[in-house]
Asks: 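Below are the structure tokens for one structure; questions will follow.
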2 protein chains.
Amino acid sequence: MTDHAAEGGFCCADHSGTANAQAILAQAEGQARARGVRLTPVRKRTLEILLQAHGALGAYDVLQRLGAEGYGTQPPVAYRALNFLVEHGLAHRIRRLNAFTACAHPGEEHRAAFLICEGCDSVTEAPARGVSDALALAADAVGFHLERATIEAVGLCAGCKGARA
Amino acid sequence: MTDHAAEGGFCCADHSGTANAQAILAQAEGQARARGVRLTPVRKRTLEILLQAHGALGAYDVLQRLGAEGYGTQPPVAYRALNFLVEHGLAHRIRRLNAFTACAHPGEEHRAAFLICEGCDSVTEAPARGVSDALALAADAVGFHLERATIEAVGLCAGCKGARA
DNA sequence: ACATCTAATGTTATACCATAACAGTCAAGG
DNA sequence: CCTTGACTGTTATGGTATAACATTAGATGT
């Protein structure tokens with residue numbers, strides 16, 4: 001289901017295994033220590049895999065990569081690692097894509113919206129304070145106690161919008 | 001996966017097969033005629049099923065009910081009807097639940113947010129103009145052209161919040 | 001160092017969600 | 001009529017996710 005973006009093609013966003021990924025990884029390590037949870041090898045590797053990926057990765061994509069590196073080859077291996085990352089704010093689940101992506105700003109405010117590009121399958125994490133506040137307001141208006149929210153937008157990223165010359 | 005709410009128990013929201021459902025159904029018929037599409041028996045029945053349900057229904061729940069009434073018993077039967085309803089604004093897909101729910105306000109503005117109660121599995125459609133506007137703004141800030149969005153909140157509805165005495 | 005306890009991993013098995021592809025059917029317009 | 005296009009039905013298959021249990025590795029107290 002995935003991947004013209006995950007192959008090797010170019011892509012709109014500027015993520016990839018750059019210095020930024022290193023910083024995020026370091027941040028994740030510190031955060032795990034602070035919380036008293038363990039960023040074990042599989043979990044760390046899973047996070048790295050997400051960080052290196054363009055767009056978002058399906059659990060089975062992650063699983064395949066993990067398996068190829070000597071980790072378990074069965075679905076729970078991937079799901080457990082991914083769920084761990086999500087629970088601790090190190091990754092996000094993109095429900096529309098049945099996929100996961102590394103959190104771009106671990107440790108910070110976690111009200112994020114995701115901008116999913118239909119052109120290149122990239123997923124951008126955008127700060128969503130305003131959106132979240134508006135949602136809280138709407139929920140409050142009907143007496144609903146909001147715990148967490150999923151905000152996902154579909155459209156065209158700046159790059160792909162331009163490419164529609 | 002579904003249903004303590006779908007059985008026969010009480011529920012927070014006040015939907016069900018009331019007069020309101022009749023009105024929505026009539027509205028749907030008119031809207032279909034206006035658009036030049038056909039609200040065939042399966043489709044109409046599917047909409048009725050959604051309207052009668054508490055919370056949201058999975059495609060396979062709908063399918064089972066349809067099958068019991070003489071319609072086809074295979075997944076595409078349900079998925080086609082459900083997708084038709086969603087495409088024409090008569091139902092919504094709740095991705096977090098892998099489920100569908102009847103639209104509470106067909107024909108009107110379709111920027112809606114969904115409030116999913118963890119207590120009773122009810123799904124409430126809330127107007128989301130403010131949320132949607134804020135999201136458009138956030139998208140615009142990064143040059144993203146927004147086409148459509150999914151906004152789903154998880155928490156406790158007014159009824160269940162109170163019941164936590 | 002040792003016993004113990006808990007958390008994490010691995011594996012098997014299975015359940016649930018969704019769609020592709022094709023065959024038959026029905027309704028509307030020529 | 002009879003053709004045409006939309007709709008329904010069926011078969012088959014693929015993708016997503018979790019339950020349950022066995023095993024192993026880390027932390028803790030003594």
Side-chain angles (χ1 to χ4, degrees), chain A residues 1-3 6 32-33 35-47 49-50 55-88 90-101 121 150 152, chain B residues 1-3 6 32-33 35-47 49-50 55-88 90-101 121 150 152:
Chain A
M1 173 212 231
T2 345
D3 292 4
R33 211 169 303 114
R35 288 209 195 193
V37 297
R38 295 193 298 156
L39 190 60
T40 62
V42 221
R43 291 170 176 172
K44 182 175 174 187
R45 189 71 196 107
T46 299
L47 179 54
I49 288 169
L50 290 181
L57 290 182
Y60 281 71
D61 294 323
V62 171
L63 178 60
Q64 192 179 329
R65 286 166 174 72
L66 288 174
E69 297 177 22
Y71 294 104
T73 59
Q74 300 305 315
V77 170
Y79 281 102
R80 281 198 286 242
L82 290 167
N83 286 332
F84 170 89
L85 296 175
V86 170
E87 269 167 28
H88 294 90
L90 300 172
H92 297 283
R93 185 171 200 154
I94 311 296
R95 302 209 91 106
R96 183 173 284 267
L97 303 177
N98 292 326
F100 299 81
T101 186
D121 290 349
T150 303
E152 297 174 2
Chain B
M1 177 219 225
T2 344
D3 290 4
R33 210 168 305 115
R35 288 209 195 192
V37 298
R38 295 193 298 156
L39 190 60
T40 61
V42 221
R43 291 169 176 173
K44 183 177 174 186
R45 190 71 196 106
T46 299
L47 179 53
I49 289 169
L50 291 181
L57 290 182
Y60 281 69
D61 293 325
V62 171
L63 178 60
Q64 193 179 330
R65 286 165 174 74
L66 288 175
E69 297 177 23
Y71 295 104
T73 59
Q74 301 305 315
V77 170
Y79 280 102
R80 279 198 288 242
L82 289 166
N83 286 333
F84 171 89
L85 295 175
V86 170
E87 270 167 26
H88 293 90
L90 300 172
H92 297 283
R93 186 172 200 152
I94 310 297
R95 303 207 91 104
R96 179 155 216 128
L97 302 177
N98 292 326
F100 299 81
T101 187
D121 290 348
T150 303
E152 297 173 1

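What you see is a predicted model; the values in this text were computed from it and never measured. Just so we're on the same page: letters track the sequence lines, and every chain starts at 1.
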Asks: Roughly how many Å is it from CG in B/Leu85 to P in D/dC7, rounded to a whole number?
Replies: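 After rounding, the gap between these two atoms is 13 Å.
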Asks: Which letter, B, S or -, goes with each nucleotide of nucleotides 20-30 of chain C from 5' to 3', with contact meaning a protein heavy atom under 4.0 Å?
Replies: B------S---
Asks: Nearest of C/dC17, D/dT18, C/dG10 to any side-chain atom of A/Arg93?
Replies: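 Per side-chain heavy atoms of A/Arg93, the pick is D/dT18.
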Asks: What bend angle does the helix from C/dA1-D/dT30 to C/dG30-D/dC1 show across its length, from five-pair end axes and to the nearest 10 degrees?
Replies: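 Rounded to the nearest 10 degrees, the bend comes out at 30°.
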Asks: How long is the line joining CD of B/Gln64 and C1' of C/dA18, in whole Å?
Replies: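 B/Gln64 atom CD is separated from C/dA18 atom C1' by 17 Å.
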Asks: May I ask you to test the B/Tyr71-B/Thr46 pair for a side-chain heavy-atom distance under 4.5 Å?
Replies: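 B/Tyr71 does not reach B/Thr46 side chain to side chain.
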Asks: What does A/Arg95 touch in the nucleic acid at a heavy-atom separation under 4.0 angstrom: a base, only the sugar-phosphate, or nothing?
Replies: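 No contact.
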Asks: Tell me, with the steps shown, if A/Phe100 and A/Val86 meet side chain to side chain contact (heavy atoms under 4.5 Å, CB included).
Replies: CA-CA 9 Å; A/Phe100 299 81; A/Val86 170; 4.0 Å; yes
Asks: Taking only N and O in the side chain of B/Asn98, is any of them less than 4.0 Å away from OP1 or OP2 of D/dT16?
Replies: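 No, no such contact exists.
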Asks: Which value, rounded to the nearest 0.5 Å, describes the distance between A/Asn83 atom CG and A/Arg93 atom CZ?
Replies: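 Going from the CG atom of A/Asn83 to the CZ atom of A/Arg93 covers 6.0 Å.
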Asks: Pick from A/Thr101, A/Leu90, A/Leu85: which one makes a side chain to side chain contact (heavy atoms under 4.5 Å, CB included) with A/Leu50?
Replies: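 Among A/Thr101, A/Leu90, A/Leu85, the one that satisfies the side chain to side chain contact (heavy atoms under 4.5 Å, CB included) with A/Leu50 is A/Leu85.
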Asks: Map B/Pro75 and B/Thr40 onto DNA chain D by nearest heavy atom, then report which one ends up closer to the 5' terminus.
Replies: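 By nearest-heavy-atom nucleotide position, the 5'-most residue is B/Thr40.
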Asks: Between A/Ile49 and A/Leu57, is a side chain to side chain contact (heavy atoms under 4.5 Å, CB included) present by the stated rule, with each step listed?
Replies: CA-CA 9 Å; A/Ile49 288 169; A/Leu57 290 182; 3.5 Å; yes
Asks: Going through the checks in order, is the side chain to side chain contact (heavy atoms under 4.5 Å, CB included) test met by B/Tyr79 and B/Tyr60?
Replies: CA-CA 9 Å; B/Tyr79 280 102; B/Tyr60 281 69; 3.7 Å; yes
Asks: Roughly how many Å is it from CZ in A/Arg43 to P in C/dG10, rounded to a whole number?
Replies: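 Taking atom P of C/dG10 as the reference, CZ of A/Arg43 is at 11 Å.
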Asks: Whole Å only: how far is the CZ atom of A/Arg35 from the C1' atom of C/dA7?
Replies: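 Result: 17 Å.
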Asks: If we count only N and O atoms by modelled type, under 3.5 Å, do the side chains of B/Arg95 and A/Thr150 hold a donor and an acceptor together?
Replies: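 No, because no side-chain N or O of B/Arg95 sits under 3.5 Å from a partner of the opposite role on A/Thr150.
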Asks: Where do B/Leu66 and B/Ala78 come nearest, in terms of heavy atoms and distance?
Replies: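 The pair with the smallest heavy-atom distance is CD1-CA, 4.4 Å.
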Asks: Find which nucleotide of DNA chain C each of A/Gln74 and A/Phe84 is nearest to by heavy atoms, and output the residue with the more 5' nucleotide.
Replies: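 Upstream on the strand: A/Phe84.
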Asks: Report which part of the nucleic acid B/Tyr71 touches: base, sugar-phosphate, or nothing (heavy-atom distance under 4.0 Å, all strands).
Replies: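 Sugar-phosphate contact only.
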Asks: May I have the distance from A/Asp61 (atom CG) to D/dT16 (atom C1'), rounded to whole angstrom?
Replies: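 Value for this atom pair: 12 Å.
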Asks: So does B/Tyr60 get a side-chain nitrogen or oxygen closer than 4.0 Å to the phosphate oxygens (OP1/OP2) of C/dC17?
Replies: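 Answer is no, no contact under 4.0 Å.
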Asks: When the distance from CG of A/Leu39 to P of C/dA8 is rounded to whole Å, what number comes out?
Replies: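 Distance check: A/Leu39 CG to C/dA8 P gives 11 Å.
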Asks: If you look only at distance, which donor and acceptor atoms sit under 3.5 Å apart when one is on a side chain in residues 38-45 of chain B and the other is two or more places apart or in another chain?
Replies:
| from | atom 1 | to | atom 2 | distance (Å) |
| --- | --- | --- | --- | --- |
| B/Arg43 | NH1 | B/Arg38 | O | 2.8 |
| B/Lys44 | NZ | B/Glu29 | OE2 | 3.0 |
| B/Arg45 | NE | B/Glu69 | OE1 | 2.6 |
| B/Arg45 | NE | B/Glu69 | OE2 | 3.3 |
| B/Arg45 | NH1 | B/Glu48 | OE1 | 2.6 |
| B/Arg45 | NH2 | B/Glu69 | OE2 | 3.1 |

Asks: C/dA15 P sits how many Å from B/Leu63 CG, rounded?
Replies: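 So the CG-P distance, B/Leu63 to C/dA15, works out to 17 Å.
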Asks: At their closest point, which heavy atom of B/Ala56 faces which heavy atom of B/Ile94, and how far apart are they?
Replies: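 Where B/Ala56 meets B/Ile94 most closely, the heavy atoms are CB-CG1, 4.3 Å.
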Asks: Using whole Å, report how far CG of B/Asn83 lies from C1' of D/dA6.
Replies: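 Atom-to-atom, B/Asn83 to D/dA6, this comes out as 16 Å.
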